[in-house]
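The figures here come from the full heavy-atom set of this structure, side chains too, leaving out hydrogens, waters and symmetry mates. Proteins come first, then strands; the chains are lettered A, B, ... in the order of their sequence lines, and each starts at number 1. Just so you know, these numbers come straight off a predicted model, no measurement behind them.
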Amino acid sequence: TTRTPLFLGLDNRPDVFNDSDAMSNVIIGVLDSGIWPERRSFDDTGLGPVPESWKGECESGINFSSAMCNRKLIGARYFSSGYEATLGPIDESKESKSPRDNEGHGTHTASTAAGSVVQGASLLGYALGTARGMAYRARVAVYKVCWLGKCFGPDILAGMDKAIDDNVNVLSLSLGGEHFDFYSDNVAIGAFAAMEKGIMVSCSAGNAGPNQFSLANQAPWITTVGAGTIDRDFPAYVSLGNGKNFSGVSFYAGNPLPSGMLPLVYAGNASNATNGNLCIMGTLIPEKVKGKIVLCDGGVNVRAEKGYVVKSAGGAGMIFANTNGLGLVADAHLLPAAAVGQLDGDEIKKYITSDPNPTATILFGGTMVGVQPAPILAAFSSRGPNTITPEILKPDIIAPGVNILAGWSGAVSPTGLPEDDRRVEFNIISGTSMSCPHVSGIAALLKGVHPEWSPAAIRSALMTTAYTTYRNGGALLDEATGKPSTPFGHGAGHVDPVSAVNPGLVYDINADDYLNFLCALKYSPSQINIITRRNFTCDSSKIYSVTDLNYPSFSVAFPADTGSNTIRYSRTLTNVGPSGTYKVAVTLPDSSVEIIVEPETVSFTQINEKISYSVSFTAPSKPPSTNVFGKIEWSDGTHLVTGPVAISWS
Amino acid sequence: AMEEKKTYIIHMAKSQMPATFDDHTHWYDASLKSVSESAEMIYVYNNVIHGFAARLTAQEAESLKTQPGILSVLPEVIYQLH
């Protein structure tokens with residue numbers, strides 16, 4: 001990707017993440033829609049032999065030969081039996097029955113995690129720069145488990161099964177489903193087995209924000225990644241005949257609109273269809289839109305298709321009005337077009353209604369960098385609380401996921417529309433799918449520096465060093481509200497890879513700890529066996545508590561309107577830095593909640609030394625849906641080990 | 001509708017594998033064949049679960065649940081890219 005390595009502090013830091021063999025021995029497995037291996041992002045120049053630990057293969061298939069793998073793309077497999085069993089044979093006129101990516105998504109995520117350095121990367125001139133994956137010297141193995149956008153559970157499990165056999169170090173899954181219990185969630189089950197083998201599993205949190213309780217991939221042995229913006233924008237300016245101007249976004253790269261103002265029409269007024277405002281194919285009346293700029297509402301069909309519908313009907317340009325909060329996502333439209341936020345869209349509609357001859361024009365601002373504030377939590381990023389275990393805060397962390405440039409398939413246009421015959425080496429898209437491989441790549445970097453760290457230790461380092469404020473001290477904002485985001489949206493905060501290398505202390509978790517966690521959930525022996533593949537009977541004489549899982553964050557769920565309650569958490573810190581004495585500091589804006597940490601000071605004299613502490617949260621009754629947020633920080637004066645606190649009443 | 005086949009993921013309790021089997025895949029196959037001669041196995045998993053994926057009718061799935069060593073017979077789930 002361009003810009004995000006700089007935004008994350010990864011550029012020009014060979015002192016932290018050097019180009020050593022250790023870094024190039026890390027293998028990232030990407031379960032997705034496959035790979036377009038010819039992209040320069042998968043050039044293997046300068047890479048040494050494939051790591052000896054690697055046991056995978058490069059499978060041949062339609063339009064894909066085993067010779068397409070190299071020292072960067074070291075493995076490629078595909079899993080279609082589940083898809084074909086349900087939907088019939090793969091339609092080979094539409095996609096290749098092989099690891100080849102006919103969708104674009106898999107090439108994008110794989111290159112984001114570990115793509116090689118490519119100079120002069122851009123989408124039609126937008127986001128121009130040097131593109132690279134986060135772990136640009138790590139190796140990539142792709143497991144194609146998604147076909148025409150659908151990913152069948154049996155294929156996902158088969159892909160994870162093979163990835164474990166193949167000896168990947170990190171697994172990246174930018175996909176998800178409904179809110180399953182862990183014993184019926186293929187991703188959670190596969191991730192448990194991977195975790196046991198020391199494989200860090202990073203998954204996307206989902207794009208169902210800003211709704212609460214909208215998270216996917218909530219198992220505590222998964223690192224769940226939400227999405228934020230970076231300091232880059234692609235402005236497009238909508239000017240109205242009444243003199244008002246609005247800022248939107250666009251990747252339009254064709255001829256500009258004619259100079260001067262053009263007639264402006266609301267799609268709903270240029271259609272006989274009840275849903276004419278959505279610019280669905282065949283719903284616009286050409287005589288009413290010809291030569292005009294058409295305002296289309298969001299919903300039902302994809303944004304780029306709305307532009308194509310306007311263009312097909314003879315429209316000159318399109319304004320896309322988001323109907324889902326303030327979030328703005330740009331597209332490489334086929335006609336001059338810009339996306340504006342919901343409030344701005346409403347203003348433009350008011351103008352159209354009030355003026356007998358409304359007019360407008362759109363100007364395109366190219367690529368703007370250094371945009372502040374950044375990051376901002378993306379409106380679409382899924383939010384907690386955790387629907388399965390409210391005591392585990394999810395998502396864990398956020399990373400860049402808005403307008404991310406990365407490699408793209410040669411089989412599909414940048415808009416994904418079949419009518420769009422353009423082909424691009426790089427595309428810019430948004431989603432938690434894009435933030436997940438950023439974290440996967442960063443996890444690979446940490447694995448290279450600290451090969452002995454467990455998946456939980458890597459996640460802990462990422463979480464406890466994440467940031468939640470801007471340099472000026474202001475709290476990270478939420479695109480959906482324009483107000484400060486909360487841990488239910490950003491988890492521990494925005495990832496800071498350089499700080500994560502040296503966290504001082506980590507909250508480590510092993511497989512046995514997760515068994516105790518499953519006992520705390522009162523899972524039956526069969527349910528535990530499904531997840532863990534072992535006979536394990538919870539000790540009936542033992543008191544298990546979800547709050548004892550050694551998680552870096554604290555999600556405290558109080559019952560509402562039941563009087564004062566106390567909930568106790570226990571945690572264990574492991575020293576991964578120099579000897580030192582750490583003191584705790586608790587920050588909580590609500591003084592009615594009492595937080596007691598015992599002990600308040602811990603001293604470490606050896607590496608890997610473990611010291612436990614407890615936290616008691618005592619709170620009065622509050623109305624349902626009340627939330628209070630804070631943090632618990634341990635510091636030795638050098639390191640800051642921060643755990644977010646989210647207290648809710650329900 | 002009872003004859004329509006769907007994909008299921010079958011989780012097995014490997015500790016309950018009879019000693020007469022020296023390979024878990026044979027045990028999986030025998031368990032499947034005990035409820036249907038025509039049932040098709042799609043995948044056998046080695047790391048992520050003890051079990052396999054197969055095409056079964058609803059009746060066969062119900063019958064399989066009652067066989068020894070079966071932990072669960074779960075219908076497939078479809079996931080989506082984010």
Relative to chain A, which segment of [X] carries a heavy atom at a distance below 4.5 Å: side chain, backbone, both, or neither?
X: L74(B); result: side chain
X: I9(B); result: side chain
X: Y45(B); result: both

- request: Ignoring hydrogens and angles, state whether a donor on the side chain of S214(A) or R383(A) is under 3.5 Å from an acceptor on the partner side chain.
  value: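 Side chains of S214(A) and R383(A): no pair found under 3.5 Å.
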message: Looking at R77(A) and D166(A), is any side-chain nitrogen of the basic one under 4.0 Å from a carboxylate oxygen of the acidic one?
response: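 Yes, this pair counts.
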- prompt: Can a salt bridge be assigned to the pair E84(A) and K97(A) using a cut-off of 4.0 Å between side-chain N and carboxylate O?
  reply: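 Salt bridge between E84(A) and K97(A), a charged N being under 4.0 Å from a carboxylate O: yes.
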Could you look at [X] and say if it's the side chain, the backbone, both or neither that has a heavy atom under 4.5 Å from chain B?
X: I156(A); answer: side chain
X: S174(A); answer: backbone
X: S435(A); answer: neither
X: A194(A); answer: neither
X: V187(A); answer: both

Smallest separation among heavy atoms of N427(A) and H108(A), with atom names: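 Distance-wise, the nearest heavy atoms are O-NE2, 3.2 Å.
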query: Where do P395(A) and G226(A) come nearest, in terms of heavy atoms and distance?
result: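 Scanning both residues completely, I find the closest heavy atoms to be CB-N, 4.1 Å.
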What residue, out of [options], has the most heavy-atom pairs lying under 4.5 Å from chain B?
options: G431(A), S204(A), S430(A), G82(A); result: S204(A)
options: I530(A), N207(A), T109(A), I531(A); result: I530(A)
options: S526(A), G177(A), A85(A), S33(A); result: A85(A)
options: S81(A), G190(A), G176(A), C146(A); result: G176(A)
options: T432(A), N186(A), I164(A), N535(A); result: N186(A)
options: F79(A), Y83(A), F192(A); result: F79(A)

field: Residues from residues 11-21 of chain B approaching chain A under 4.5 Å (heavy atoms)
entry: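 H11(B), A13(B), S15(B) fall under the 4.5 Å cut-off.
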task: List in chain and number order the residues that pass disulfide (SG to SG under 2.5 Å) with C436(A), two or more places apart in sequence or in another chain; answer none if no residue qualifies.
output: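 Scan of C436(A) (disulfide (SG to SG under 2.5 Å), adjacent residues dropped) gives none.
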For atom [atom1] of [X], is the number of surrounding heavy atoms from other residues, nucleotides or ligands below 6.0 Å larger than 12?
X: K94(A); atom1: NZ; answer: no
X: K33(B); atom1: NZ; answer: yes
X: E178(A); atom1: CD; answer: no

- prompt: Just how far is it from atom CG of L148(A) to atom CD1 of I90(A), taken to the nearest 0.5 Å?
  reply: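 If we round to the nearest 0.5 Å, L148(A):CG and I90(A):CD1 are 7.5 Å apart.
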task: Dump the intermediate steps for side chain to side chain donor-acceptor pair (under 3.5 Å) on T107(A) and D101(A), then the final yes or no.
output: CA-CA 7 Å; T107(A) 304; D101(A) 178 16; 2.6 Å; yes
field: Test log, rule salt bridge (Lys or Arg N to Asp or Glu O under 4.0 Å), inputs K5(B) and E40(B)
entry: CA-CA 10 Å; K5(B) 288 195 174 186; E40(B) 313 145 57; 3.8 Å; yes
Audit row: S433(A), H82(B), side chain to side chain donor-acceptor pair (under 3.5 Å) steps and yes/no: CA-CA 5 Å; S433(A) 274; H82(B) 281 153; 5.2 Å; no
